[in-house]
Amino acid sequence: MALPIMKNYINGEWVESNGTQIGNIKNPATAEQIAQVVFGTADDVEKAVQAARKAFVQWRETPPLTRARYLFRIKDALEENFEDIARTLTMEQGKIIDEARAEIRRMIENVEHATGVTTLMCGYTLEDIAKGIDCTGHRQPMGVFAGVAPYNFPGMVPWWFLPYAIVTGNTYVLKPSEQVPMTQTRIFECLDEVGLPDGVVNMVHGSKDVVNAILDHKDIQGVSFVGSTPTARYIYKRCGETGKRVQALGGAKNIVGIMPDAKLNEALPSLVTSFFGCSGQRCLAGSILAPVGEAADLVVDRFVATAKNIKVGDGLSDFTGMGPMASSAHLDRVLGYIEKGIKEGATLVLDGRDCKVEGYPEGYFVGPTIFDNVTPEMTIAKEEIFGPVVCVVRCKTLDEVIKLINTRDFANAACLYTDSGTAARKFKYKVLPSMVGINIGIAAPMSFFPFGGAGNSMFGDIKGHGQEIFHFFTDTKVVIERWF
Ligand code: NAD
């Protein structure tokens with residue numbers, strides 16, 4: 001049977017790219033090829049930008065409430081196709097179906113939040129700044145914006161930006177990750193149903209060439225990027241050079257501290273999910289477990305015992321607790337980090353390397369893996385592993401946990417389990433990462449709050465979603481006026 005080939009969506013139509021490079025999309029649980037994607041070119045980007053520029057003329061004059069009504073329709077279409085989108089996501093990315101459903105739910109929450117445009121896009125006014133003179137600030141859309149997405153959240157991440165860009169009157173070009181093009185293709189089929197004016201949203205598949213064409217394009221006003229830190233830094237720099245607005249969210253090395261007074265029974269489920277949810281392939285995943293003082297032995301014992309029971313397998317099965325790595329290349333990378341941890345002298349207390357899943361001999365599986373006695377200087381305590389590999393760094397005090405957090409190269413998220421308000425306050429106050437969880441293992445992105453890290457985990461000043469995103473997608477024009 002012929003494999004489906006992912007097409008670009010430009011000016012309201014599904015079109016083939018003129019590119020010649022083909023990507024093979026495999027189901028990571030089976031290694032079976034399920035689709036192909038043609039990597040787009042600068043020419044595809046040019047066509048998408050021209051369509052978006054043309055659409056902008058009418059779209060910016062469309063009243064915000066009318067624009068919001070398209071989002072209501074988009075929400076309905078996404079709800080109707082919810083299960084199918086989630087299953088597509090699991091098939092190409094590997095995460096378990098419940099995680100895929102949760103991702104699509106979070107994605108839709110951004111559509112819902114963006115419908116608040118009629119309040120969230122308002123400007124402001126002050127009468128009589130001098131006698132008989134009034135001043136008003138209007139938020140205006142700017143033109144064409146673009147988004148570049150990573151492989152680990154193929155559904156949700158692009159929608160941290162896209163609904164806000166279009167509801168404020170801009171038009172959009174999205175480039176999904178070339179590793180997981182099927183989910184957004186399925187989502188754009190829903191967009192296609194709702195009858196948005198042609199060219200308001202466009203999608204070009206591909207990799208670096210498409211990104212560089214976006215960065216070079218003079219008619220693109222701004223870029224929202226999510227991915228690894230080296231790419232985020234590159235995007236930020238290039239946007240600076242070409243005068244574009246930019247928000248570039250990068251990688252992470254998140255630490256979860258556990259105080260001796262933490263309620264361990266209550267904490268364990270979310271603690272374990274923090275490290276092994278989405279097989280550790282999320283920017284908010286716990287990576288270092290930092291038990292404090294006398295709690296350490298008990299925490300490690302119970303954590304290991306719970307992790308051992310996680311059932312690894314095909315994400316589409318309702319009985320699976322953890323899916324595969326998204327690609328064989330990434331599996332090799334994670335296995336490489338495990339080897340490095342062993343070489344550097346950490347104690348491997350749970351080894352997920354030889355993970356066999358019955359009926360899935362080719363899948364990219366690695367089981368829950370835990371290193372104890374990791375020191376802050378080891379590579380596995382410094383670099384982002386992005387897999388189900390836990391590094392236990394035992395700490396004597398809360399201050400030591402905070403120091404550990406604030407000396408990593410990343411500053412995305414940090415969590416603390418404790419029963420003490422005093423400890424929690426100190427933690428919230430002192431840690432550098434911008435996403436903080438207290439008795440919560442994942443400081444999750446809420447559409448109505450901003451999302452993004454600090455330091456090398458985010459370049460740019462306006463984060464994803466929340467109220468601030470309405471600033472990213474608008475320019476404030478100030479009018480000062482007097483009438484004789
Ligand atoms: P990646 O940086 O390899 O790729 C992200 C996007 O950039 C893709 O669309 C890719 O095509 C493009 N790209 C890659 N290399 C490029 C280059 N040299 N020039 C131009 N474009 C390039 O990231 P990934 O592997 O897809 O995603 C995993 C990473 O994303 C992890 O580091 C993870 O922490 C991070 N992430 C961060 C957040 C966050 O909110 N901070 C969320 C999700 C993922």
Side-chain angles (χ1 to χ4, degrees), residues 28 94 251-258 264 267-269 271-282 285-313 320-358 360 363-396 400-401 404-405 407-410 415 417 441:
K253 187 76 186 171
N254 305 317
I255 295 174
V256 182
I258 308 182
L264 198 51
L268 263 177
L271 192 58
V272 170
T273 307
S274 168
F275 289 84
F276 300 115
C278 299
S279 315
Q281 294 170 105
R282 56 180 163 191
S287 179
I288 295 179
L289 180 66
V292 175
E294 74 267 23
D297 284 341
L298 181 66
V299 169
V300 174
D301 286 354
R302 297 214 38 206
F303 188 82
V304 173
T306 313
K308 259 183 194 158
N309 289 328
I310 295 173
K311 192 172 177 322
V312 180
T320 299
M322 191 174 93
M325 296 292 91
S327 66
S328 66
H330 191 57
L331 173 67
D332 290 344
R333 191 182 132 93
V334 172
L335 293 175
Y337 274 112
I338 300 176
E339 296 301 330
K340 203 163 261 178
I342 296 169
K343 266 201 196 113
E344 288 185 328
T347 318
L348 188 58
V349 288
L350 186 62
D351 185 354
R353 282 176 296 174
D354 197 22
C355 179
K356 300 264 182 290
V357 176
E358 210 184 313
Y360 295 83
Y364 313 138
F365 298 104
V366 55
T369 299
I370 302 173
F371 281 107
D372 200 354
N373 304 313
V374 176
T375 61
E377 299 73 35
M378 287 181 185
T379 310
I380 54 169
K382 289 198 291 203
E383 295 183 6
E384 181 178 42
I385 300 173
F386 220 53
V389 179
V390 182
C391 303
V392 179
V393 178
R394 293 171 179 240
C395 294
K396 291 192 189 69
E400 224 179 280
V401 177
L404 185 67
I405 291 167
T407 51
R408 296 308 93 187
D409 241 5
F410 302 94
C415 301
Y417 283 83

Contact summary for [X] and [Y], nearest pair of heavy atoms:
| X | Y | answer |
| --- | --- | --- |
| G367 | C355 | N-CB, 3.5 Å |
| P28 | M325 | CB-O, 3.2 Å |
| A296 | P291 | CA-CB, 3.7 Å |
| G441 | C415 | O-SG, 3.4 Å |
| R282 | G277 | NH2-CA, 3.6 Å |
| A307 | P368 | O-CG, 3.5 Å |

Short question: side chain of [X], backbone of [Y] - any donor-acceptor pair under 3.5 Å?
| X | Y | answer |
| --- | --- | --- |
| K253 | E383 | yes |
| R408 | L404 | yes |
| N254 | S287 | no |
| T306 | V304 | no |
| T369 | G352 | yes |
| T347 | N373 | no |

How many angstroms lie between [atom1] in [X] and [atom2] in [Y], if you round to the nearest 0.5 Å?
| X | Y | atom1 | atom2 | value |
| --- | --- | --- | --- | --- |
| C395 | L289 | SG | CG | 9.5 Å |
| I385 | I338 | CD1 | CD1 | 8.0 Å |
| D351 | F371 | CG | CZ | 7.5 Å |
| L264 | R302 | CG | CZ | 5.0 Å |
| Y337 | E344 | OH | CD | 10.0 Å |
| T273 | L268 | OG1 | CG | 10.0 Å |

Could you check if a side-chain atom of [X] sits within less than 4.5 angstrom of a side-chain atom of [Y], using non-hydrogen atoms only?
| X | Y | value |
| --- | --- | --- |
| I380 | V374 | yes |
| L331 | F365 | no |
| I370 | F275 | no |
| F386 | V334 | no |
| R394 | D372 | yes |
| H330 | Y364 | no |
| M322 | V366 | no |
| R353 | E339 | yes |

Applying side chain to side chain contact (heavy atoms under 4.5 Å, CB included) between V401 and each of I258, V393, V292, report the one that passes.
-> V292
